[in-house]
K.L.:
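Structure in structure tokens, see below.
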Amino acid sequence: MNMYDIIEKKKHGQSLTYDEIGYFIKGYTDGTIPDYQASALMMAIYFKGMDYRETVDLTLHMRDSGDVVDLSGIEGIKVDKHSTGGVGDKTSLVLSPMLASCGLKVAKMSGRALGHTGGTIDKLEAIKGFRVELSPEEFMNIVNNTGIAIIAQSGEIAPADKKLYALRDVTATVDNLSLIASSIMSKKLAGGSDIICLDVKTGSGAFMQTVEDSKALAKAMVDVGNGAGKKVSAIISDMDQPLGYAVGNSTELHEVVNSLKGNGPEDLMEVVYTLGSCILTDSGIAGNDVEARKMMEETISSGKALEKFCEFISAQGGDTQFVNDLSLLPLGEITKDIIAPSDGYISRIDCKQIGMASLASGAGRTVKEDPIDFSAGIIFNKKVGSSVKKGDVIAKIYSSDENKALAALARAEEAIEYSLEEPVRNPIIYGIVR
Ligand code: URA
């Protein structure tokens, strides 16, 4: 077997075998296949495509190129959710304690903020004492005892994808459905959970900007997950404006606590309940969506989800006092208001630009090594469709640095558009793939 023949075969639109895909992934990961041959193959795949079987095979080989987490030491049904990335997306922190209160086990690896999107790990690091790195034994024990642990990705998860994604990024071969689906699913499948629900975002703050593309990606990932032997579902949810009212790290934790106390924003809770319904029904804990929703609502009204959240934070070394007194999780002392210029409605909030404004305030990072100002971010008072009066405060920027606050203000002001007529609101959920 050699790379020349594999490229030639794909160039003519033929299907690659399981072994040929394995040969490429192994050789590219260990450096024996050079970038120029891998680039040629990616471009051939881009133009000629891969069928379903090839996509599953590529996913499995990329999953097996590194560590595959063994969760067999955890009793019960292990579940996970994964978002394709967004702004103000704190669903994992609200949903996980709700699912754990229903008896499921959430053993989760999460990411950090990069570019305009936030990361669950940064949000958790805003909590005093919280440890995002645990030994495998500690991780298993915490999940067994409390039902949840969330850690930063450790070890080598799908190194083949890491290398290939970086190559695709500079060779204009990212936007191929099979390549995207196998890239995302190889990492998710390496996480070891039994049941996975994917939250595919759509709109101006999302990786996929149109509903059609997002639905196609959702379907491709569900198919690949099922082909790899896992129960996978997906929802397509709106990311055409930030989710909820808070964007940042401490800002978002405030919203998480309020949501677990029963005061969650409608859009955030709808995404949480929809993801949770897929997971609770797929795991057989609930017979149908209505039952699942009731169970989840009960975890909030009884205070069980909040209690579970505190148990999880304490188990990972975090100080939970902020749950009763949010001032212990301070927001930046320098604030700037975004003011409505006239009477009317908010017609559009460019979600990516709001993510960039949050980054500019200090809440995010442009490169992996950038430090984060946990107290920085944005809290909205109004969202798309809200009526406004001239002078109303639409949103407040928080930062600990005057220049950063001003940069964030300029960006956020540009991201918000107004109209005289009430705009049509987007749906919160565009579809479910099961
Ligand atoms: N995110 C990934 O992890 N991989 C892709 O190919 C695209 C988005």
Side-chain angles (χ1 to χ4, degrees), residues 21 24-25 28-29 35 38-39 41-47 49-50 54-69 80-87 89 92 108-121 152-153 155-191 193 196-210 212-225 228 230 232 234-237 239 351-352 355 364-365 368:
I21 294 171
F24 162 63
I25 289 299
Y28 188 55
T29 312
D35 278 349
S39 315
L41 182 63
M42 289 301 105
M43 196 53 91
I45 291 173
Y46 180 87
F47 282 114
M50 284 199 305
E54 287 176 288
T55 310
V56 172
D57 289 349
L58 177 62
T59 309
L60 294 176
H61 282 300
M62 292 206 294
R63 177 197 68 185
D64 296 338
S65 66
D67 298 335
V68 177
V69 181
D80 198 359
K81 68 143 283 250
H82 172 79
S83 145
T84 55
V87 179
D89 185 7
S92 291
K108 195 166 171 48
M109 276 189 293
S110 284
R112 294 180 186 279
L114 192 62
H116 75 280
T117 61
T120 301
I121 289 300
Q153 193 173 300
E156 276 253 276
I157 298 290
D161 173 65
K162 193 172 175 189
K163 217 174 154 190
L164 214 46
Y165 191 19
L167 183 80
R168 287 166 54 218
D169 208 19
V170 293
T171 54
T173 49
V174 167
D175 52 339
N176 170 278
L177 218 52
S178 288
L179 293 177
I180 300 171
S182 55
S183 165
I184 295 176
M185 290 311 290
S186 64
K187 291 172 279 205
K188 264 298 108 179
L189 295 172
S193 289
I196 300 166
C197 188
L198 305 161
D199 182 6
V200 180
K201 305 289 191 190
T202 194
S204 59
F207 177 66
M208 289 293 190
Q209 309 232 327
T210 70
E212 291 67 36
D213 286 350
S214 305
K215 281 189 175 166
L217 177 61
K219 180 158 182 345
M221 292 197 293
V222 168
D223 286 348
V224 166
K230 297 276 179 187
V232 180
I235 72 167
I236 296 98
S237 71
M239 192 41 73
C351 194
K352 182 170 181 185
R365 52 171 79 80
K368 273 204 313 245

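Just follow the structure's listing: the first ligand is 1, and inside any ligand the first atom is 1.
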K.L.:
Should we say atom NZ of Lys352 is surrounded by more than 12 heavy atoms from elsewhere, each under 6.0 Å from it?
P.N.:
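Incorrect, the count does not exceed 12.
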K.L.:
With distance as the sole criterion, is a donor-acceptor pair present between the side chains of Ser186 and Asp161 under 3.5 Å?
P.N.:
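No - no donor-acceptor pair under 3.5 Å links their side chains.
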K.L.:
Against heavy atoms of Ser183, which atoms of ligand 1 measure under 4.0 Å?
P.N.:
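So the atoms of ligand 1 that pass are 2 (C), 3 (O), 4 (N), 5 (C), 6 (O).
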K.L.:
Establish, for the pair Lys201 and Phe207, whether the NZ or CZ atom is under 6.0 angstrom from the six-membered ring centre and no further than 45 degrees off its axis.
P.N.:
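No, Lys201 does not sit over the ring of Phe207.
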K.L.:
Are Lys163 and Thr29 side-chain neighbours, meaning at least one heavy-atom pair lies under 4.5 Å?
P.N.:
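Result no, sub-4.5 Å side-chain heavy-atom pair not found.
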K.L.:
Write out the residue and atom name of the closest protein heavy atom to atom 8 (C) of ligand 1, then the distance separating them to 0.1 Å.
P.N.:
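Ranked first by proximity to atom 8 (C) of ligand 1 is Tyr165 OH, 3.1 Å.
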K.L.:
Consider every N or O of Lys187 and every N or O of ligand 1, then say whether any pair is closer than 3.5 Å.
P.N.:
yes
